Amino acid sequence: MKTGFYPRLAWDGLRKNRQIARPYLLTCICMVSMFYILSFLTSGEVLALIPRGKNSVELVLSLGRIVILVFSLIFLYYTYSFLLRRRTREFGLYNVLGMGKRNLVRIISWENGITFAAALLGGLLLGILLSKIAELGLVNLMGGAIDYRIRLDGKSLILTVLCYAAVFAVIWLSAVIRTARSSAVSLMKSENVGEKPPKGNRFVAILGILILAGAYVLAVIIRNPLSALLGFFVAVLMVILATYLLMISGSVRLCRFLQGRKGYYYQAKHFVSVSSMAYRMKRNGAGLASICIIATMILVMLSTTTCMWFGADDSLRVSYPREIDTTVYLKDPKDLSDTNLDPVREEIGRFVRENGGQTDNLLDMPSVILNGLPQAGGVLKCDAESTVGNVMNPDRLSVSLFSPERYPDSVGELPALQADEAVLLTDGVDWKEDSLTLEVAGVRHTWKLLSVRKNKETSAAPDRTGNKGLCLIVPDLSAAVEGFETTNASGNMNYSILWNYHFDTGLTDEENIRIEQELEKDISAFMASLPEAAGYRTLWVDSRAGGAGDFYGTYGSLFFIGILLSIVFLLAAVLIIYYKQISEGYEDAKRFDIMQKVGMTKRDIRSSIRSQLLTVFALPLAFAGLHLIFAFPMIRRVLTLFSLYNVGLFIRTTVISFVAFALFYALIYRLTSGVYYRIVSGAESR
Amino acid sequence: MHLLEVNSLKKVYKTRFGGQSVEALKNVNFTVEEGEYVAIMGESGSGKTTLLNILAALDKATAGTVLLDGKDFSKIPESDVAAFRRDHLGFVFQEFNLLDTFTLEDNIYLPLVLAGKEYKEMNTLLMPIARTLGIESLLKKYPYEVSGGQKQRAAVARALITSPRIILADEPTGALDSRSTDELLRLFAEVNRQGQTILMVTHSARAASRAGRVLFIRDGEVFHQLYRGDMSDDLFYQKITDTLTLLARGGEQA
Ligand SMILES: Nc1ncnc2c1ncn2[C@@H]1O[C@H](COP(=O)(O)OP(=O)(O)OP(=O)(O)O)[C@@H](O)[C@H]1O
Ligand SMILES: [Mg+2]
């Protein structure tokens with residue numbers, strides 16, 4: 001079989017440079033497979049297997065996919081330019097031997113073509129293999145039915161091919177342009193002559209600082225968790241960009257600044273390291289930035305998903321304060337009277353006792369519930385219009401009105417309430433006014449607040465949207481909503497009449513789940529037997545044990561994805577670090593040699609190099625830590641969407657993730673340093 | 001006392017994976033006096049670089065001694081070798097060996113910075129040398145920005161700035177064109193006139209003819225040496241080429 005001349009040259013070139021080409025190809029394969037896996041997991045067929053939490057899974061994975069694509073482009077571009085630089089000498093030789101630019105471009109094109117084909121083939125194969133494992137794990141955690149069919153998602157395949165065709169096209173184009181622009185002599189010399197000294201564009205460095213500051217401000221000021229998701233995404237892109245700008249340009253500027261300070265620079269321990277750092281950062285800034293971004297991604301993912309996993313229990317207790325949770329909707333505030341509710345209380349008690357349980361730790365809260373947006377002067381605007389579309393608005397407060405006859409025991413004794421007087425119960429909402437006004441469609445009711453008390457139990461938002469709650473104990477529930485329209489024009493409720501009846505049965509989880517269903521049937525029948533005038537509308541019975549399935553399913557799946565992506569990212573980070581060590585090894589080998597001839601002791605050189613490596617090692621980690629600190633408030637807000645209010649837990653998971661990652665990172669650095677020292681000591685023995 | 005004294009120097013290279021060993025230096029003896037300008041010539045592979053590396057304490061001899069000012073190289077503890085080299089020896093290499101991360105100025109300062117000198121002091125040392133070598137205007141440039149000849153002059157400045165006892169140069173003109181070669185040789189003669197001892201390995205009879213003495217090495221031994229005496233450059237050149245021819249013929253006969 002006759003192989004073409006150019007393909008063979010391209011292939012030879014790749015083989016000769018395999019120490020660099022192989023990691024590059026491996027990286028390409030990893031990126032392609034990662035992208036495919038994420039696309040695959042968001043495909044309809046896989047989502048269909050997931051019984052709960054589809055939307056969040058889809059959202060998380062899709063955002064991750066975009067980040068990976070952007071990351072691939074930058075990272076592969078960087079990796080390839082290194083490969084290309086290694087080859088310029090060879091190209092220069094071809095050029096001198098009479099090969100035109102046109103021919104060189106053909107070699108480069110073949111080289112890129114081969115890499116692209118291999119990357120796609122290997123990446124998709126690996127992706128398909130791993131996607132099955134990822135799918136199994138995901139579906140299993142989500143409590144879906146597992147099967148062992150190998151799935152192929154055509155759409156994801158096509159999307160992956162298209163996206164990476166675009167990425168490789170960019171890389172190829174830049175290589176062609178660079179080759180076309182360089183002259184034969186510069187091609188030939190490029191490794192001998194040494195590189196231009198990096199200047200570190202001041203404008204770029206300042207731009208990096210500004211963008212980073214902007215991203216940090218954005219991360220800290222965004223309050224609305226829903227727009228936080230979008231804001232978070234914008235901030236992430238800004239942080240990525242800024243990190244690259246700063247690592248590449250900012251650090252060089254810093255070295256230049258240090259070089260300007262002669263007293264500092266011309267000291268044996270700074271002289272060599274500062275000037276070679278300037279070079280190192282220019283060449284490896286992109287690699288460091290990539291490591292930093294990956295580290296940040298891993299840290300954010302690990303800390304949040306572990307927080308969710310370990311916070312699931314907390315979150316569950318916020319949503320289900322007792323083992324059984326009965327919610328009854330009624331028609332009128334008058335229906336909340338004890339005389340009206342007592343028969344149902346008795347029936348619940350009878351039924352639970354009959355099934356071997358108790359109704360302990362009662363949380364008996366007949367209430368009128370409104371949702372309002374705070375206005376100036378202690379006014380809450382509670383129109384359905386202003387609240388329905390604002391479910392995720394963090395300013396929205398749910399207001400529960402209690403009567404002095406029935407309110408949670410934990411509130412304690414109340415003063416006597418006159419007609420327009422009330423007691424406010426809050427947790428986490430700082431109410432500064434001495435009065436509170438509810439407004440529905442222009443009608444206002446105002447209460448003077450006799451006292452404001454902190455109470456955890458009542459502020460658990462009854463609608464479980466994660467909004468903070470206020471509770472108001474008013475003398476008369478009917479009077480409180482008198483004149484308020486019950487529904488708005490589009491039929492949405494302005495307020496609901498709600499009776500929450502929570503209790504512990506002291507039974508096992510299985511029994512509670514059984515009781516949940518049977519109790520609902522029994523009480524529904526009982527309610528139906530009551531006269532129409534009793535005003536009973538609907539009833540829900542939930543059990544904490546039943547809800548736990550949902551909670552652990554959702555959080556568990558996120559935890560799983562977090563771990564999965566972390567592993568994949570870690571692999572990428574390992575590759576980059578390995579790669580960096582090789583390239584630095586080759587750079588330093590020559591320097592090592594020269595410095596020794598000029599009279600630097602081996603120990604000096606080693607310690608200087610070690611301190612540089614250490615700085616370069618610590619930099620991405622330090623930056624990642626900084627990013628993490630500024631992402632913290634925003635992530636915390638996103639977590640409140642999942643009813644996770646435990647800041648202490650989040651701090652703990654963040655710190656633990658960071659420490660664990662730092663240890664792993666240090667280990668990888670140690671191991672890959674071996675590669676470095678082997679290359680350098682090769683020069684040493686010459 | 002001689003400035004440099006080389007006694008029965010022997011160097012055997014053992015290839016790393018056993019087997020073959022190469023005797024690069026068999027038995028080398030010579031001395032260099034203070035203020036001398038000595039050239040070393042010999043065919044490719046005759047052991048010139050090996051000899052220079054041993055003189056530079058970059059490599060260890062298999063047998064024999066090297067004395068600088070009467071002090072035995074091999075007695076210097078390993079940890080002090082680099083500092084010894086930095087303080088007493090100056091080097092000029094064929095491929096310049098400038099660090100591309102430094103400006104020419106910083107490259108020249110390197111040995112002084114390593115010795116812990118202050119910037120001010122280094123600067124006052126540099127200025128007269130830079131003037132002599134004609135690189136004053138190039139000091140802020142990076143190696144990639146200047147020509148080979150200019151690079152080599154910077155390398156010479158780096159070798160001179162520590163006021164070394166002796167300058168060791170391995171084919172310093174090997175990578176230079178004829179104009180830069182002439183320029184460099186003129187500079188070597190100039191610094192030699194100012195009292196600097198120089199030991200230079202070269203392939204070029206033209207370059208060797210500028211020295212005060214030429215050593216010829218063959219098969220790892222000093223085969224012959226020529227003193228200039230009061231010969232002119234041209235006459236000395238004539239004698240060197242004659243000797244080289246003889247050397248080559250001798251090589252054929254052997
Ligand atoms: N590191 C080494 N290991 C093994 N053999 C070596 C080593 N260095 C040099 N040699 C051998 O020692 C001999 C002398 O080499 P050397 O480099 O000293 O020659 P040279 O006179 O400098 O030659 P040239 O004029 O070509 O530079 C040669 O045969 C060479 O192959
Ligand atoms: Mg040689």
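In what follows, every chain begins at residue 1, and chains take the letters A, B, ... in the order their sequences are listed. All values reported here derive from a predicted model rather than from experimental measurement.
Interface remark: B/Lys117 contributes backbone atoms only to the contact with chain A (heavy atom separation under 4.5 Å). Contact annotation for B/Asp106: both backbone and side-chain heavy atoms come within less than 4.5 Å of a heavy atom of chain A. Interface residue B/Leu114: backbone and side-chain heavy atoms are both found under 4.5 Å from chain A. Heavy atoms of B/Arg86 lying under 4.5 Å from chain A belong to its backbone as well as its side chain. The contact between B/Leu98 and chain A is made entirely by backbone atoms, counting heavy-atom distances below 4.5 Å.
The list of salt bridge (Lys or Arg N to Asp or Glu O under 4.0 Å) pairs with a residue in residues 166-183 of chain B, not counting sequence neighbours, reads B/Glu183-B/Arg186.
Considering NZ of A/Lys590 and CD of B/Glu95, their distance stands at 11.5 Å, rounded to 0.5 Å.
Counting heavy-atom pairs closer than 4.5 Å to chain A, the top residue among B/Ala56, B/Gly90, B/Pro111 is B/Pro111. Ranking B/Asp59, B/Asn97, B/Asp80 against chain A, the residue ahead of the rest is B/Asn97, based on heavy-atom pairs under 4.5 Å.
Considering only residues two or more places apart in sequence or on other chains, B/Glu190 meets the salt bridge (Lys or Arg N to Asp or Glu O under 4.0 Å) condition with B/Arg193. Remark: B/Phe73 pairs with B/Phe84 by the ring pair (Phe, Tyr, Trp, His ring centres under 6.0 Å) rule, at least two apart or across chains.
Within 6.0 Å of CD on A/Gln267 lie more than 12 heavy atoms contributed by other residues, nucleotides or ligands.
By a heavy-atom distance cut of under 4.5 Å, B/Met122 are the residues of residues 121-135 of chain B near chain A, going up by number.
Contact check for A/Met595 versus B/Leu99: side-chain heavy atoms found under the 4.5 Å cut-off. Annotation: side chain of B/Leu110 is in contact with side chain of A/Val272 (closest heavy-atom distance under 4.5 Å). A 4.5 Å side-chain heavy-atom check between A/Ile594 and B/Phe93 finds every atom pair outside the cut-off.
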**Report entry** Worked check of ring-ring contact (aromatic ring centres under 6.0 Å, His included) between B/Tyr109 and A/Phe271
**Finding:** CA-CA 10 Å; B/Tyr109 288 154; A/Phe271 190 56; 7.6 Å; no
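Aromatic ring centroids of B/Tyr119 and A/Tyr265 lie 6.0 Å or more apart.
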